[in-house]
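Each remark here refers to the structure printed beneath this line.
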Protein chains: 2
Amino acid sequence: MLTKTELSNYCNEAREKYLPHISIDCVVFGFHEGMLKVLLLETKNQEEYYLPGGFLQKVEPIENAANRILKERTGLDDIFLKQFYVFGDPDRSKEHFDLYKEMLPENENWFANRFLTIGYYALVDFFDVDPTPDQFSISCNWVDLNQLPKLGLDHANIINTALGTLRVQLNYQPIGYNLMPKLFTMPELQKLYETILDKKLDRRNFQRRMLGFGILTKAEETRKGGAHKAPYLYSFDMENYKAALTAGLKGGW
Amino acid sequence: MLTKTELSNYCNEAREKYLPHISIDCVVFGFHEGMLKVLLLETKNQEEYYLPGGFLQKVEPIENAANRILKERTGLDDIFLKQFYVFGDPDRSKEHFDLYKEMLPENENWFANRFLTIGYYALVDFFDVDPTPDQFSISCNWVDLNQLPKLGLDHANIINTALGTLRVQLNYQPIGYNLMPKLFTMPELQKLYETILDKKLDRRNFQRRMLGFGILTKAEETRKGGAHKAPYLYSFDMENYKAALTAGLKGGW
DNA sequence: ACAAAAGTGTTTGATATACACCCATGT
DNA sequence: ACATGGGTGTATATCAAACACTTTTGT
């Protein structure tokens, strides 16, 4: 738990360094064991979970801020980040204010203000990252989208909106590329699509269509060790992938 | 031209009423004579044109603010508005600051700050609105997208981004409905699509596909007075239209 | 009568959908 | 041997693309 002095120091520092009223929150998606997961922080102060978020420095481009914040709070660096919406209900940060209002007078309390938050979503290779909590957090963990804990502020809503965006953009953004490991099997990729779209897809048609895009390279090897026939491994052909996406992968599922 | 006193009063009022660092700008699209147009204001202070924009009141939902601002600055009321992006380059409002910095000391100057702006786009029936400039503007006029004048700040960029969004969302949002008058002909609707997509479409295939969606109602009457064969008039069937859009009008052009 | 715009229908190719059989692997 | 998941092929329906002729209207 923060002491009053710590909180006071933090507020003073924040007032100096950051723009007031504006924050950034990141929804980091990962894909593991056939499930979509998001990175959540558990704060020291509360029993609640939060999206990794932070504030915008006074002369800092928003994109940079989003990357910096994600790095600071989770250790993740150099990943695909995309702005998707601004959440600005006047009451959305009230809860945060309430929490601290006993400890500091209103005019000294950085949180005693309305905050708009700019939502970014990120897509990462689950196995390629090592989530590390920052000093304000007990833990930084992957949580299954279907088993979200109680979330602070309006963060549940932010996650849902991000997921909706993901669905719509599945045909326009390199979503598969960023979420899958370097090598993956066709059934694994299909599982990702099925999870995002929340819909079963036909195995054979999925494969034909994916291969038809010409964005996948079939590897020599197969994924050994499974209990059944060893599936082939694929990787994304970055060249063709980017080209195909700018044109838009036409047709919806 | 604003006097120093007027500017000073405005700044004091703004500081009291609005959140700092945040603005809203609206790109209002209309369709007239086969051309996409946007509403621009010509300011009294400068020889430049601006998007209708304004600030967010301290306890006001963003959506409400966007509607209020549009009403205040252009007279337009109760129209389709949709948030599409936040523009936050630290230098984007520098120009505005430079303009006023001679007149007021920096700490009294509301504009001497960084502003992020939340972009909204609006779609209106050209004939159904009566653009009216506010007290800060000489004029409020429709301008052809292909003949944009010199625009202040980063407003040219905001317009381009809005147009890009329009293109992508053509299959997901009720774009036709909001831009067309109650009754319209098939060639008129086609012209709208062609203008937004910047692409020629086949007359017959367009008609078949549009009718195939089941969102149009054919009227008895035809559009008389044209120099040639009188085209039929159509209107949108709001019920089916909404239903079709939630499912997404599948397939791209 | 003719030019220009609008209405309508048909053919063709591509793509989505549905479905069935064979193959490899661990138990 | 068999259950399970993975690989592959084919027939069918649906839709997009390309294209031509007829109708209406003002000049």
Write down the distance between [atom1] ([X]) and [atom2] ([N]), rounded to a whole number of angstrom.
X	N	atom1	atom2	result
Leu201(A)	dT15(C)	CG	P	19 Å
Leu189(A)	dG6(D)	CG	P	13 Å
Lys199(A)	dT17(C)	NZ	P	8 Å
Tyr193(B)	dA16(D)	OH	P	13 Å
Gln207(B)	dA17(D)	CD	P	16 Å
Lys200(B)	dC19(D)	NZ	P	16 Å
Leu211(B)	dG7(C)	CG	C1'	11 Å
Phe213(B)	dA16(D)	CZ	C1'	11 Å

Checklist entry - Once each nucleotide of nucleotides 18-26 of chain C is scored for protein heavy atoms under 4.0 Å, what B/S/- sequence comes out, 5' to 3'? => result BBB--BBBS

Checklist entry - Strictly under 6.0 Å, is that where the ring centroids of Tyr241(A) and Phe213(A) end up? => result no

Item to check | Residue pairs passing the side chain to side chain donor-acceptor pair (under 3.5 Å) test where at least one lies in residues 222-237 of chain B, sequence neighbours excluded | outcome: Glu188(B)-Arg223(B), Asp237(B)-Asn240(B)

N/O donor-acceptor pairs under 3.5 Å from side chains in residues 28-41 of chain B, not counting sequence neighbours:
none

Checklist entry - For dA6(C), does OP1 or OP2 lie under 4.0 Å from any side-chain N or O of Lys191(B)? => result no

Next on the checklist: Do Asn141(B) and Glu42(B) have side chains that approach each other closer than 4.5 Å (heavy atoms only, starting at C-beta)?
Outcome noted: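 A side-chain contact under 4.5 Å is absent here.
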
Checklist entry - Is any side-chain heavy atom of Pro181(A) closer than 4.5 Å to a side-chain heavy atom of Asp125(A)? => result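 Answer yes - side chains close enough.
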
Checklist outcome for this item: side chain to side chain contact (heavy atoms under 4.5 Å, CB included) with Asp25(A): of Ile158(A), Ile118(A), Ile159(A), Ile69(A), only one passes, and it is Ile158(A)

